[in-house]
Amino acid sequence: MTIRIYNTMSRTKEIFEPLSPGKASVYVCGPTVYDSCHIGHARSVVVFDVIVRYLRAGGFEVTYIRNFTDVDDKIIARANQLGLDPMAIAEKYIREFYEDMDALHVLRADHEPRVTQFMDPIKAFIKKLLDNGMAYQIDGDVFYAVEAFGGYGKLSGRKLEDMEAGARVGINEKKRNPFDFALWKSAKPGEPAWDSPWGPGRPGWHIECSAMAWQHLGKTFDIHGGGKDLIFPHHENEVAQSEGAFNEPFARYWVHNGFVNIDQEKMSKSLGNFLMIKDVRKSYHSETIRLFLLSNHYRSPVDFTDKAMDEARAGLDRIYTFLERAEAAVGPPAESAETAGEHWRRFTEAMDDDFNTALGIGVLFEGVRTANGLMDARTDDALPRVGAVRDDILRMGGILGILNQTPAAYFSGRRSSALAAESIDASEIEALISERTEARKARDFARADAIRDELARKNIVLEDRPDGTIWKVDG
RNA sequence: GGCGGCAUAGCCAAGUGGUAAGGCAGCGGUCUGCAAAACCGUUAUUCACCGGUUCAAAUCCGGUUGCCGCCUCCA
């Protein structure tokens with residue numbers, strides 16, 4: 001298979017040719033753990049989760065690194081605000097991160113390093129930059145000298161001169177150039193600090209990723225990912241650091257995901273419209289969230305609205321309804337899927353083209369329609385083909401990180417969570433359904449319809465199937 | 001001021017030179033006691049607008065308008 005990836009560095013789709021054939025090294029910037037994760041974090045993590053799953057499915061031996069930034073100004077500020085230890089804050093939000101991401105079926109990375117565990121490599125890295133003349137020390141601070149790195153700006157497509165023309169640069173008279181950034185920050189009283197040749201302090205924000213990628217993946221590796229907002233300054237500065245230290249190419253493919261907007265507005269502190277994953281999870285199934293996040297191309301913005309989420313839920317219901325029907329028709333899926341079929345092939349074509357999950361999801365739905373049609377047709381050869389298409393669909397689900405449940409478990413979960421909002425419980429519903437079944441047998445359709453209407457008012461939808469009546473909660 | 005992106009049916013959204021995927025919603029039909037679900041059919045001669053290149057453009061080029069993002073912590 002040939003995968004094409006849009007590389008932010010070249011602004012074009014390139015054929016993915018890893019450094020070592022058959023292997024792929026991936027570094028994705030993880031969260032700064034000073035608050036709960038919002039839906040935007042979810043998108044980034046889910047997008048790269050899917051990319052890694054797909055690379056593995058394609059036979060690549062992937063080494064996937066995702067870090068935690070557990071020392072940072074924001075964490076310290078938060079700790080001071082709450083009167084807690086910064087490390088306790090970090091710990092709390094790392095735990096929350098795992099709760100959210102596990103719920104979203106995000107696979108763990110192969111290594112999930114934390115800044116606090118990487119102080120020695122970070123210091124070694126800074127020393128290298130000082131030795132190379134790429135950095136300078138002032139008092140207890142060490143700054144990177146952007147003018148010393150000829151390629152500065154090549155990732156984000158900016159020129160230092162152009163940016164200096166802008167007026168939005170913080171003033172720090174210690175710096176030689178306003179765009180110089182801290183590699184090491186001297187500690188103020190009460191702040192967490194580590195010893196260093198330059199005095200007690202902590203690493204700047206950007207150096208950690210350069211150091212961690214170097215330690216885990218080497219000087220040059222394949223894919224570096226993160227949100228679009230990280231292109232500048234964070235990733236630009238990583239390039240400057242790593243290439244400034246080793247004089248070798250850093251990441252070979254830069255992959256950046258777009259934002260999640262809320263009702264067409266960017267999430268921002270001023271608007272106070274941060275949507276936390278844990279809150280979204282209260283209203284929507286984790287796979288609904290994934291399906292929604294993957295329904296647009298990863299580089300495009302995606303707009304979170306109730307309507308969009310309801311549509312994603314309707315889509316997921318449809319897929320599980322199919323799986324349920326297929327299971328009744330041809331039995332549960334085999335442990336290991338057979339030879340992949342036409343739908344899977346088309347899905348991989350979509351994914352090969354810069355991980356086009358939106359197109360891939362379209363293929364998945366076409367598979368659902370095809371297989372449903374086969375079951376309707378009831379021809380002799382239909383059932384084996386249904387099984388084959390179902391295998392393809394489940395295989396796609398394995399990449400998208402959805403369809404992790406049996407249909408029975410999915411609908412049972414849907415019912416119980418949706419039922420909590422209604423003033424009725426399952427046993428009452430079952431009793432009413434039995435009564436209605438008797439009424440229908442007696443051809444007392446008035447009574448039967450009255451029961452159905454009564455349940456409908458409580459958002460309980462009945463479906464009379466050949467093998468009996470089932471119920472679902474609408475919404 | 002600098003850099004970049006987007007504009008496709010009622011809504012969401014793929015599609016980067018060869019004649020418009022998919023989803024949601026709607027309508028007609030099959031099925032059903034009636035429904036629901038499912039399936040079938042149907043819904044853009046057209047891809048913001050104006051020019052240009054080409055046998056051929058939603059797709060390339062130039063311009064116009066509108067929206068958005070980054071340049072500051074941010075996924």
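Since the model is a prediction, treat every value here as computed from it, not as a measurement. In what follows, every chain begins at residue 1, and chains take the letters A, B, ... in the order their sequences are listed.
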query = Relative to the 5' end of RNA chain B, which residue comes earlier, A/Arg452 or A/Gly362, by the nucleotide with the nearest heavy atom?
reply =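 Per heavy-atom nearest nucleotide, the more 5' residue is A/Gly362.
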task = Would you mind telling me which residue lines up with the more 5' stretch of RNA chain B, A/Asp353 or A/Arg443, judged by nearest nucleotide?
result =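 The residue closer to the strand's 5' end, by nearest nucleotide, is A/Asp353.
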Under 4.0 Å, heavy atoms only, any strand: does [X] hit a base, just the sugar-phosphate, or nothing?
{"X": "A/Val47", "result": "nothing"}
{"X": "A/Phe445", "result": "base"}
{"X": "A/Asp72", "result": "nothing"}
{"X": "A/Arg43", "result": "nothing"}
{"X": "A/Gly258", "result": "base"}
{"X": "A/Ile39", "result": "nothing"}
{"X": "A/Asp449", "result": "base"}
{"X": "A/Gly227", "result": "sugar-phosphate"}
{"X": "A/Arg299", "result": "nothing"}
{"X": "A/Thr305", "result": "nothing"}
{"X": "A/Ala308", "result": "nothing"}
{"X": "A/Arg436", "result": "base"}

[X], nearest nucleotide to its side chain (from [options]):
{"X": "A/Asp229", "options": "B/C71, B/G33, B/A75", "value": "B/A75"}
{"X": "A/Arg440", "options": "B/G33, B/A75, B/C39", "value": "B/G33"}
{"X": "A/Ser44", "options": "B/A38, B/A75, B/G4", "value": "B/A75"}
{"X": "A/Met267", "options": "B/C39, B/C34, B/A75", "value": "B/A75"}
{"X": "A/Ala358", "options": "B/G33, B/A13, B/A75", "value": "B/A13"}
{"X": "A/Glu463", "options": "B/A35, B/A37, B/A21", "value": "B/A37"}
{"X": "A/Lys74", "options": "B/C73, B/G33, B/A21", "value": "B/C73"}

task = Assess whether side chain to side chain donor-acceptor pair (under 3.5 Å) is satisfied between A/Tyr152 and A/Asn237, documenting all intermediate values.
result = CA-CA 8 Å; A/Tyr152 195 78; A/Asn237 290 351; 2.5 Å; yes
Quiz question: by atom type and distance under 3.5 Å, do the side chains of [X] and [Y] form a donor-acceptor pair?
{"X": "A/Asp70", "Y": "A/Tyr93", "value": "no"}
{"X": "A/Thr305", "Y": "A/Asp263", "value": "no"}
{"X": "A/Asp310", "Y": "A/Tyr284", "value": "yes"}
{"X": "A/Tyr320", "Y": "A/Glu287", "value": "yes"}
{"X": "A/His343", "Y": "A/Asp392", "value": "no"}

Nearest-Å distance once atom [atom1] is located in both [N] and [M]:
{"N": "B/A38", "M": "B/G51", "atom1": "P", "value": "46 Å"}
{"N": "B/A14", "M": "B/C24", "atom1": "C1'", "value": "15 Å"}
{"N": "B/G15", "M": "B/A44", "atom1": "C1'", "value": "14 Å"}
{"N": "B/C67", "M": "B/C73", "atom1": "C1'", "value": "25 Å"}
{"N": "B/C27", "M": "B/G66", "atom1": "P", "value": "38 Å"}
{"N": "B/U46", "M": "B/G33", "atom1": "C1'", "value": "45 Å"}
{"N": "B/U53", "M": "B/U43", "atom1": "P", "value": "34 Å"}
{"N": "B/A20", "M": "B/A25", "atom1": "P", "value": "26 Å"}

Spacing of [X] atom [atom1] relative to [N] atom [atom2], expressed in whole Å:
{"X": "A/Met9", "N": "B/G4", "atom1": "CE", "atom2": "P", "answer": "16 Å"}
{"X": "A/Glu324", "N": "B/A38", "atom1": "CD", "atom2": "P", "answer": "11 Å"}
{"X": "A/Asp392", "N": "B/G22", "atom1": "CG", "atom2": "C1'", "answer": "17 Å"}
{"X": "A/Leu160", "N": "B/C3", "atom1": "CG", "atom2": "C1'", "answer": "14 Å"}
{"X": "A/Ile470", "N": "B/A35", "atom1": "CD1", "atom2": "P", "answer": "19 Å"}
{"X": "A/Lys13", "N": "B/U59", "atom1": "NZ", "atom2": "C1'", "answer": "12 Å"}
{"X": "A/Tyr34", "N": "B/A75", "atom1": "OH", "atom2": "C1'", "answer": "10 Å"}
{"X": "A/Phe181", "N": "B/C73", "atom1": "CZ", "atom2": "C1'", "answer": "16 Å"}

In terms of ring plane angle, is the pair [X] and [Y] parallel, tilted or perpendicular, where the classes change at 30° and 60°?
{"X": "A/His224", "Y": "A/Tyr27", "answer": "tilted"}
{"X": "A/Tyr410", "Y": "A/His285", "answer": "perpendicular"}
{"X": "A/His41", "Y": "A/His38", "answer": "tilted"}

inquiry  = Please confirm whether the ring centroid of A/Phe221 lies under 6.0 Å from the ring centroid of A/Phe250.
reply    =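 Aromatic pair counts; centres sit under 6.0 Å.
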query = Taking the six-membered ring for Trp, are A/Tyr98 and A/Phe68 ring centroids under 6.0 Å apart?
reply =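 Yes; A/Phe68 has its ring centre under 6.0 Å from that of A/Tyr98.
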request  = Quick one: which residue pairs count as a side-chain hydrogen bond (donor to acceptor under 3.5 Å, both in side chains) with a foot in residues 354-365 of chain A, not counting sequence neighbours?
outcome  =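 Found A/His297-A/Asp354, A/Tyr298-A/Asp354, A/Arg299-A/Asp354.
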Between [N] and [X], is there an OP1 or OP2 to side-chain N/O distance shorter than 4.0 Å?
{"X": "A/Asn296", "N": "B/A13", "result": "yes"}
{"X": "A/Trp471", "N": "B/A36", "result": "no"}
{"X": "A/Asn356", "N": "B/G15", "result": "yes"}

request  = Scan nucleotides 23-30 of chain B nucleotide by nucleotide, 5' to 3', and note B when protein non-hydrogen atoms come under 4.0 Å of the base, S if they reach only the sugar-phosphate, - if neither.
outcome  = BB------
ask   = Do A/His297 and B/A13 share a donor-acceptor pair, side chain to base, under 3.5 Å?
value =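 Counting by modelled atom types and ignoring angles, no donor-acceptor contact under 3.5 Å is found here.
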query = Between A/Lys458 and A/Glu428, is there a side-chain N and carboxylate O pair less than 4.0 Å apart?
reply =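 A/Glu428 and A/Lys458: not salt-bridged.
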ask   = Side-chain contact, heavy-atom cut-off 4.5 Å: A/Arg290 with A/Leu316?
value =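 They are not in side-chain contact.
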key: Duplex segments of RNA chain B, taken as runs of at least three Watson-Crick or G-U pairs that stay under 3.5 Å   =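 RNA chain B stems, ordered by first number: B:1-7 with B:65-71, B:10-12 with B:22-24, B:26-30 with B:38-42, B:48-52 with B:60-64.
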